[in-house]
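Residues: numbered from 1 along the sequence shown. None of the values given here were measured: they were computed from a predicted structure.
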Amino acid sequence: MTGSYKALNIGKKCGEHLLASAKQLDVGLGWAFEEGGFEPIAGLSHGAAGIAWALIELSSVTGDARFLEAALKSIDFERTLFNPVEGNWTDLRFQEKRAELGLGTPVQWCHGAAGITLGRLMVSKYYRDQNIEEEIRVGLDTTIREGFGGSHCLCHGDFGNLEVLLIAAKVLKDQKLKDKAYEYGTNTLFEARSKGWFCGIPQEEETPSLMLGLSGIGFGLLRLSNPERVPPVVVLGAPQLKEERVLRLWI
C-alpha cells in the first residue's frame with residue numbers, strides 16, 4: 001500500500017518462516033494449529049486457506065515462485081477435507097463436542113465455507129483454475145444457504161458472511177450477489193432493531209470489540225452504506241489513499 005521496502009522485507013522473513021515450518025503431508029503442506037499441537041486445519045483465519053492467500057500474495061510482490069508453490073500445496077491439503085455432501089470443508093476441531101451439541105460444520109469467516117470462499121476469491125486475483133472457480137461457486141452456495149441467522153459479528157456472524165457476498169459480487173461482477181448481500185443485511189438490521197445486537201460471545205451480551213462486537217457490526221453497516229469507499233477489513237482491504245498521502249507514509 002505504501003511502497004515501504006522495510007514492510008516488504010519483513011513480509012519476506014515471515015514467508016521464509018512459513019516455508020521453514022511447513023510439514024509435508026500425505027497430500028500437500030500443513031502448518032501447526034495453536035490449540036491442537038501439529039494438526040493442520042482448513043479455514044481462513046486459523047487454517048490453510050489463509051496461509052495460502054498470504055503466500056500467494058507474497059509470491060506476487062516478490063516474484064519468488066517458492067511461495068506460490070507452497071500456497072498451492074496448502075490448498076491441495078485443504079481439498080482433502082472437503083465434504084461434497086455438505087458443500088463445506090471438515091472442521092477437525094472439537095468434533096466430538098460439536099456432535100454432542102448437535103452442531104454442524106461451521107459456515108463462518110473464521111472457520112468453514114465462508115472464510116474459505118473469501119480465501120479462494122483472494123487467491124483468484126493471482127492464480128485461477130477450474131478447481132478454484134468451482135470451490136468459489138460451492139462456497140457461495142453454502143454461505144447463502146447456511147451462513148446467516150447466528151450472531152451479527154464479523155468473526156463468526158452475519159456481517160462477516162455478508163462480506164463473502166459483497167466481495168464475490170465485485171470480483172465476479174455479479175449484481176445478484178450484491179443484491180443478496182443487501183437483502184441479508186436489511187434482515188439483520190431489522191432483527192437488531194427488535195431484539196438488539198447479538199455479539200459473538202457466548203454470554204449473549206454486547207461487547208465493543210471489532211471481530212466479535214459492536215465496532216465490527218458498525219463497520220459492517222458502513223460497508224453496506226458505501227462498499228466502494230469503506231474497505232473490507234476481513235480481507236485486510238486497504239483504504240483508497242491519495243498519491244501524496246502514500247508518499248508521506250512511505251517516507
Sequence neighbours excluded - ring pair (Phe, Tyr, Trp, His ring centres under 6.0 Å) pairs with any residue from residues 153-196: Phe148-Tyr184

Leu236 with Leu162, same ILVMFWY side-chain cluster at under 4.5 Å: yes

Heavy atoms of other groups near Gln130 CD, more than 12 under 6.0 Å: no

Where at least one partner belongs to residues 47-73, residue pairs that pass salt bridge (Lys or Arg N to Asp or Glu O under 4.0 Å), sequence neighbours excluded: Glu16-Arg66, Asp64-Arg66, Glu69-Lys73

Non-hydrogen side-chain atoms of Asp76 and Arg79 separated by less than 4.5 Å: yes

Exercise: do Thr105 and Asn88 side chains pair donor with acceptor under 3.5 Å: no

Beyond-backbone contact of Leu165 with Lys178, side-chain heavy atoms, under 4.5 angstrom: no

Electrostatic pair Asp141:Arg137 at N-O distance under 4.0 angstrom: yes

Neighbour count >12 (heavy atoms, 6.0 Å) for atom CG, Asp26: no

In one Ile/Leu/Val/Met/Phe/Trp/Tyr side-chain cluster, 4.5 Å: Val164, Ile75: yes

Beyond-backbone contact of Glu78 with Arg120, side-chain heavy atoms, under 4.5 angstrom: yes

Euclidean distance, Leu212 CG relative to Cys155 SG, rounded to 0.5 Å: 5.5 Å

